[in-house]
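The structure under discussion appears below in the form of structure tokens.
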Number of protein chains: 2
Amino acid sequence: MVTTRNTRADVIEAAGRLFAERGYHGTSMRDLGKELGLLGSSLYSHVDSKQDLLAEVVAEGAALFDASARAALAVEGDAATRLHALIAGHVAVVVDNIDVARTFLNEARVLDPGHRGPIVAARDRYEEAFRTVLREGRSDGSLSADIDPKIASIFILSILNAVERWYRTDGDLDRDQLVAQLSRFAVAALN
Amino acid sequence: MVTTRNTRADVIEAAGRLFAERGYHGTSMRDLGKELGLLGSSLYSHVDSKQDLLAEVVAEGAALFDASARAALAVEGDAATRLHALIAGHVAVVVDNIDVARTFLNEARVLDPGHRGPIVAARDRYEEAFRTVLREGRSDGSLSADIDPKIASIFILSILNAVERWYRTDGDLDRDQLVAQLSRFAVAALN
DNA sequence: CCTACCGATCGGTAGG
DNA sequence: CCTACCGATCGGTAGG
């Protein structure tokens, strides 16, 4: 059995895992060290502070959701097609990066003011992508509800953001079925 | 200015406020004491432990949501009417008891195993109320979607549970308008 | 990455 | 509700 030294990336990954499971304040640097097989104090050769670690994980989450939204907005077709892409992209981010996604969604509020700004901006951009698609849907007729796009996007994002709270990859609902159900529900609500 | 001694109820209320704002692990007994104008150690004449305090707040939240669901299920009329009552009741609990609701929704996971059981049960009962109404809606035709009631109730609850995260009583959307939008969205999704 | 620490803060208690 | 504590744990540092 080969035991290698941990990299900075290992540390950040383990931090995401613990922050997602126990929360930032519920995780100590000694807990994190134990997770990696070293002492809490040894972590400081990889990172400057505990906040630094949170900032890294949350920034990673922001980047993933942002990339997903950019890709979805670039999809050709009607607005309903792009809404489907936004939904599928969100589920992909959550399922493939569960710890990062959970930390981004639940622990960003614990960021100190210096780190919070860009994250709030990213979140706003993400929500704006949904609003854009809903507005387009009203124009092209593919999502013709008379509901306010701002409110509707909050509702749809509420459903998507909650996926991490209940969805289990080992349950009976597979990932494509989840996306289909989400998409059907959203499109039905907007017609 | 008359300064009166704090009651146990005062302590629990302040705890709900801080747990909602900063989380359980982000709140120290000294923080809570400061909020009430006394020392952290003085709180122990009102409660046995910090966990005890969390358990009280969360139990209060569970009772409020439970009462709301019981009342909504007893409403006469078709299932769509009862779904509207469930939604209005949920919004009422959240708006009128914001700190208790937030603590119930976000901090229950921090409860120690001994206190967690009844809360998980209450949450299941609450979700079951939604499933019941959605099933009834399929029978009486007032909510005739072909979507699985289990999934649909998770989606609707996701939207409702997120209200606490974005809704502000001092914004342009008043409480009745919020309920109307929620109800319209949910009913549209289920038709 | 460890040894050996630091001062600060934590939840909680004894006794009034 | 305060005084006066307790042992444990916290984030973090110096030096190797």
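Just so we're clear, the structure is a prediction, and the values are computed from it rather than from any experiment.
- For N6(B), whose side chain is taken as the heavy atoms from C-beta onward, the closest listed nucleotide among dG11(C), dC1(C), dC1(D) is dC1(D).
- With a 3.5 Å ceiling on both atom-pair distances, the Watson-Crick or G-U wobble partner of dG16(C) is dC1(D).
- What separates CG of L43(B) from P of dC2(D) is a distance of 9 Å, to the nearest Å.
- When the nucleotides dC1(D), dG11(D), dC1(C) are ranked by their closest atom to the side chain of H46(B), dC1(D) comes out on top.
- To the nearest angstrom, P of dT13(C) lies 11 Å from CG of D52(B).
- Nucleotide dC10(D) holds its P atom 11 Å from the OH atom of Y44(A), rounded to whole Å.
- Set against dC1(D), dG11(D), dG11(C), the side chain of M29(B) has dG11(C) as its closest nucleotide.
- Atoms CG (L32(A)) and C1' (dC1(C)) sit 14 Å apart, rounded to a whole Å.
- Between the C1' atom of dT13(D) and the NZ atom of K50(A) lies a distance of 17 Å, rounded to the nearest Å.
- Looking at R123(B), R131(B), R125(B) one by one, the single match for salt bridge (charged side-chain N to carboxylate O under 4.0 Å, His left out) with E127(B) turns out to be R131(B).
- Separating the CZ atom of R30(A) from the C1' atom of dC2(C) is a distance of 14 Å, rounded to the nearest angstrom.
- When rounded to the nearest whole Å, the span between CG of D31(B) and C1' of dC10(C) equals 11 Å.
- Between the NE2 atom of H25(B) and the C1' atom of dT9(D) there is a distance of 14 Å, rounded to whole Å.
- Nearest to the side chain of S41(B), among dG11(C), dT3(D), dC1(D), sits dT3(D).
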Margin query: Working note: E164(A) + N106(A), criterion side-chain hydrogen bond (donor to acceptor under 3.5 Å, both in side chains); need CA distance, chi angles, decisive distance, verdict.
Written below: CA-CA 10 Å; E164(A) 74 54 34; N106(A) 300 321; 3.3 Å; yes
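- With L38(B) as reference, N6(B) is the one residue of N6(B), V11(B), L32(B) to meet the side chain to side chain contact (heavy atoms under 4.5 Å, CB included) rule.
- Residues V163(B) and L182(B) have side chains in contact (heavy-atom distance under 4.5 Å, counting atoms from C-beta outward).
- Of the candidate nucleotides dC10(D), dC1(C), dC5(D), dC1(C) has the atom nearest to the side chain of S45(A).
- Along DNA chain D, the nucleotide nearest Y24(A) and the nucleotide nearest T7(B) are compared for position; the residue whose nucleotide lies closer to the 5' end is T7(B).
- When distances run from any side-chain atom of L39(B) to the nucleotides dG11(C), dC1(D), dT3(D), the shortest one goes to dT3(D).
- In this structure, the side chains of H90(A) and I87(A) stay at 4.5 Å or more apart for every pair of heavy atoms.
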